[in-house]
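Heads up: the structure comes next, in structure tokens.
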Amino acid sequence: METSLVLQNLLSPPVLFFALGVISVLVRSDLEIPAPLPKLFSLYLLLAIGFRGGVELQHSGLGFQVLSTVLAAMLMSVLVPLYSFLVLRRQLDVFNAAAIAATYGSISAVTFITAESFLDVTRTSHDGFMVAALALMESPAIIVGLLLVKLAGAQQRPEAQGGPSIRWRSLLHEAFLNSSVLLLIGSLLIGLMVAAFSPQGLEKMEPFTGKLFYGALSFFLLDMGIVAAQRLSDLRRAGAFLIGFAVLMPLFNAAVGLGLSLLLGLPQGDALLFMVLCASASYIAVPAAMRMTVPEANPSLYISTALGVTFPFNIIVGIPLYMAMLQLVIPAG
Amino acid sequence: METSLVLQNLLSPPVLFFALGVISVLVRSDLEIPAPLPKLFSLYLLLAIGFRGGVELQHSGLGFQVLSTVLAAMLMSVLVPLYSFLVLRRQLDVFNAAAIAATYGSISAVTFITAESFLDVTRTSHDGFMVAALALMESPAIIVGLLLVKLAGAQQRPEAQGGPSIRWRSLLHEAFLNSSVLLLIGSLLIGLMVAAFSPQGLEKMEPFTGKLFYGALSFFLLDMGIVAAQRLSDLRRAGAFLIGFAVLMPLFNAAVGLGLSLLLGLPQGDALLFMVLCASASYIAVPAAMRMTVPEANPSLYISTALGVTFPFNIIVGIPLYMAMLQLVIPAG
Amino acid sequence: METSLVLQNLLSPPVLFFALGVISVLVRSDLEIPAPLPKLFSLYLLLAIGFRGGVELQHSGLGFQVLSTVLAAMLMSVLVPLYSFLVLRRQLDVFNAAAIAATYGSISAVTFITAESFLDVTRTSHDGFMVAALALMESPAIIVGLLLVKLAGAQQRPEAQGGPSIRWRSLLHEAFLNSSVLLLIGSLLIGLMVAAFSPQGLEKMEPFTGKLFYGALSFFLLDMGIVAAQRLSDLRRAGAFLIGFAVLMPLFNAAVGLGLSLLLGLPQGDALLFMVLCASASYIAVPAAMRMTVPEANPSLYISTALGVTFPFNIIVGIPLYMAMLQLVIPAG
Amino acid sequence: MQRLDLIISERELERVLPLIDAAQAPGYTVMRHVTGRGPHGMVSESMEFSGFGANAHVIVFCEQPVLEALRLGLKPILEYYGGVGFVSAAEPF
Amino acid sequence: MQRLDLIISERELERVLPLIDAAQAPGYTVMRHVTGRGPHGMVSESMEFSGFGANAHVIVFCEQPVLEALRLGLKPILEYYGGVGFVSAAEPF
Amino acid sequence: MQRLDLIISERELERVLPLIDAAQAPGYTVMRHVTGRGPHGMVSESMEFSGFGANAHVIVFCEQPVLEALRLGLKPILEYYGGVGFVSAAEPF
Ligand SMILES: Nc1ncnc2c1ncn2[C@@H]1O[C@H](COP(=O)(O)O)[C@@H](O)[C@H]1O
Ligand SMILES: Nc1ncnc2c1ncn2[C@@H]1O[C@H](COP(=O)(O)O)[C@@H](O)[C@H]1O
Ligand SMILES: Nc1ncnc2c1ncn2[C@@H]1O[C@H](COP(=O)(O)O)[C@@H](O)[C@H]1O
Ligand code: NA
Ligand code: NA
Ligand code: NA
């Protein structure tokens, strides 16, 4: 069973194009997708995933399971940074530990989208409200990350030291109104409203947000492969401890996610998405926020672990592995 | 009736994404669609609207109504700047008054496209030749704008004053061969020819020029929302007179357009498009031409009124309002 | 027969948009497709053509005809530069002759794609393995080009002259791992694997790699028209000899390609593609490689002939002409 | 040797570059998609999808006589359309 | 007259530009999508799709007093977030 | 302190940047998508979709000894592939 899942994932266009991107860096080809084209695809994917999630959420409605799942997801985005911080402090200073911890509390939208595509290809149903969970896991992780710095790093960071002091307003702003959260939640609400009130509008959006989606994801993963592989050289400097963390922590988080999914009574497809949310790490919103609020931390550490190790691990090994675990405990929908 | 039209418009994806763009600026999010991505969408929309208009024009043919409508549209693009100039001169100097007047004589392709989508969603038929009217309203407005400066501003602008004198050739060039007119008319002719001679070519273009269109428009309006909202701060400097002008003049122009539509015997859908052409103001071709030929005028005045007030007004309030007016006097097609 | 083919080609959207691009330069309009948008389309076209070729190759399998055709194509990419070099040396120095010769040994992916679209529109079948031939003709031409310089230009180019000496490794790297070869072959292999193992993945890629293709090609050709026309002014400096070469050599190469197609027993559609491969000249991979390895050559000569003359010639006149020739000797599939 | 930095609207590039050629400058470099603020107000990237354009930054390294010729040709354009120019000293590498 | 070249992260632009206005500089020019390496490591275009951003190159031509005001406002930002500044002499064209 | 402005083809960047590192420059800044005209002819953005590439503008602020090391490493490349370099004086901000 598991081998077939792994193969099915490995031989899907998104993962294969990711591999092509990695290979092109390894063989030192001059293949590149120049800025701002990757931004086009990342904006498109957020818009489309939000819109589609909103449409499905409108169809399913806001029941108890929706609320409890979203709450559990937000809980995880608070807990994961806390226990990650304890682990990371064994080797890193407060600033780097807090920044990396926040990264793992948050999510990777592309990992989520790849998991969704995996479910679509294996014809496993899943619910639109998982996109809401995705959107609501970024902000708490960012806030916890900075609280950790404030509490644990107070003495190392005299406010009077010269730097412009971080005001809470700007932190909350960064946490709740950064572009990816805003676009995701905005598109979700738009999808919800359009599904409710404008069936023709919905139908006319379909070719853009629906049909095109899988190909655009594949194209974007070509770029992600290039970017992830370019990060590999940073890893040598990061060392074995961080690389181990970047593989083992997702596995642990996925296991916790599996437990919670059972408690929540999630069906197979939603449980996979929940596990992927727990297991993935942010390389967009959180790094941007950390750079602003914890400039003492070294960006190459938190970006490289999230993007160079955890992202490929989840895309290639994680998704089918989590699915195989799920198939042992949750019957197919 | 009117409330439902307003709602149907407000809850359509293009308008909702426009609102999302506005909101993102108001809450100071860092959401942005970096250059040259907006250019991609604006080129695509012009190409697709032109192509589709050409195809429909080929089907309908060039009858009396086509010619009379196009002529009436060109007439409006001459008249509107003339009477707008008279109004604007009460508060502004010759240069600014002429530049803003030209802006309102010309059209906004995106407003037109949004109106077309509104008609599609409300399943009201409309004709392809309206795209020809759209294409032919830009040039006259530009020429009238400069004639106003030449005539009314002669003494304020001694040719010998040092600046390179504006030659008529370069003005006519700018009026008739600027990129948006060229792309629109070129695509229209291509659509016409392909529809006439290459049915397979037509069919294979459909997914690109047809299916994708609505989603791409929605995405582009997200950016238009951002850009329009960024203009809001300029408005304070523009003052109440100009803001009033930017709302009332479109209403007046739409009313004149309604009268002409009745005279021309246009069906409901075409009449809406005609009104929208009269009511909308250019923020692309005309500002570019004015900056070159009337550098004495202040660009932030003519861009901010057209883009910061008239565009959102037409998109959000104007289209359903004009439609409601139409439903009182022209029976549904 | 021939007139209808010419018309069918001339009135297809890709060729008409190419013409629109040319016209916009001739009338000095400010229409432009700013970087990196053309790169987006060129990456997309390579990815999609490779993927689709791989899918079709998987369906047809790797038989004797596939192998013999691909070998013949590679042979042509070695022979064409050799005899082109002899012709070019009558007027040009070793460096320019070798660079132009290599250019004509290689291929133009966009010419190939336009020919494929021509076949689709005229409903002539063709095989996926021709994409493999396309991918494998770039590298040999690059290597032959440099060998010519090494052998014929040895005395003019003392290695000790100061410039960093070209190492074979970097040349082979450039020949086999440049971005267009890598993307084309990578996408071909991905298409092959996906077709074999992931039918759902294939189906979900279709809207992106299939449906969108023709429109994206048309849009890209608008840019190619602009770029080709901008090259026209360089041609005056190139002189009658090179312009003649840029028209007659493709005709001769197409004739040789026709002969080989007969020998190989290719059906009509594949034979057209084979002729187009022989007749077209590279303006992407080879110029980039020549600039690096033969900097003594004048880029405006080899780019302008390939892009300013041979490319439009093939797109507008060549494709229907070759088809007309084929219809005389090979019955329709 | 002198270094001239011009910052003008992209729209004027097609007038400015021929003048630089006419002044027989040995070369020039153009960076587009540049934004900024000057005496004539703000120029932001967000209007770039319109024909309005952003700014362009043109750099010319040249000798003093060329600079004089450039000044003659460019001054009227800068005065009429806006845009600024600054000169500093430079040496070939 | 002086020329100030600042190279900072795009993310800090919205803090830096108001400070330049506050120092009453006559204008500024911004080039975005800039990459590079400095004391704080490498900045590459490939992370630009993230919110992380590339660098921005800001040029200010101004008189000495404005430069002093700029130094006061900008130094803390450069020290806290990274980024560099260099000054050279320039003259109006 | 010195300021070096290099304008080279984007294609040569991957050769030039390691040489700048090797000369122990404290940093560098790269602007891509730059066009221009020089002794080797015109470089326009329109060929950028090809592998041919536009120009890149590289700025290095460094001390005189680093500049000498840079000259040693970069001169052969500029001579062989084309591209220009100019030096001016600068001070840290
Ligand atoms: N003092 C300055 N320093 C740097 N750039 C400037 C300065 N003044 C003007 N600029 C640039 O020149 C452009 C054109 O200026 P203007 O049209 O005269 O307002 C502005 O948008 C800025 O990008
Ligand atoms: N010596 C230098 N010369 C040119 N650019 C520099 C130099 N030092 C730093 N930079 C630029 O300034 C940016 C920010 O520097 P930093 O954040 O201090 O590492 C770098 O990414 C470089 O683009
Ligand atoms: N005198 C100059 N001033 C400014 N930029 C120059 C100058 N000469 C050459 N360049 C730039 O350097 C690039 C490479 O020059 P080259 O390859 O030597 O022709 C040109 O495309 C220009 O962008
Ligand atoms: Na997580
Ligand atoms: Na109007
Ligand atoms: Na060939």
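Chain naming here is simple, since letters A, B, ... match the order of the sequence lines and numbering starts at 1 in each.
Residue Arg291(C) comes nearest to Tyr81(F) through the heavy atom pair NH2-O, 3.3 Å, listed as atom of the first residue, atom of the second, then distance.
Considering only residues two or more places apart in sequence or on other chains, Met1(F) meets the side-chain contact (heavy atoms from CB on, under 4.5 Å) condition with Phe86(E), Phe61(F), Glu63(F), Pro92(F). In this view, Phe311(C) and Phe18(C), Tyr283(C) satisfy the ring-ring contact (aromatic ring centres under 6.0 Å, His included) rule, not counting sequence neighbours.
Within 6.0 Å of the CD atom in Glu68(F), the count of heavy atoms belonging to other residues, nucleotides or ligands exceeds 12. Shown here is Glu14(F), whose CD atom has no more than 12 heavy atoms of other residues, nucleotides or ligands within 6.0 Å.
Rounded to the nearest 0.5 angstrom, Ser300(C) OG and His40(F) NE2 are separated by 12.5 Å.
Counting heavy atoms from C-beta outward, Met42(F) and Gln230(C) have side chains that stay 4.5 Å or more apart.
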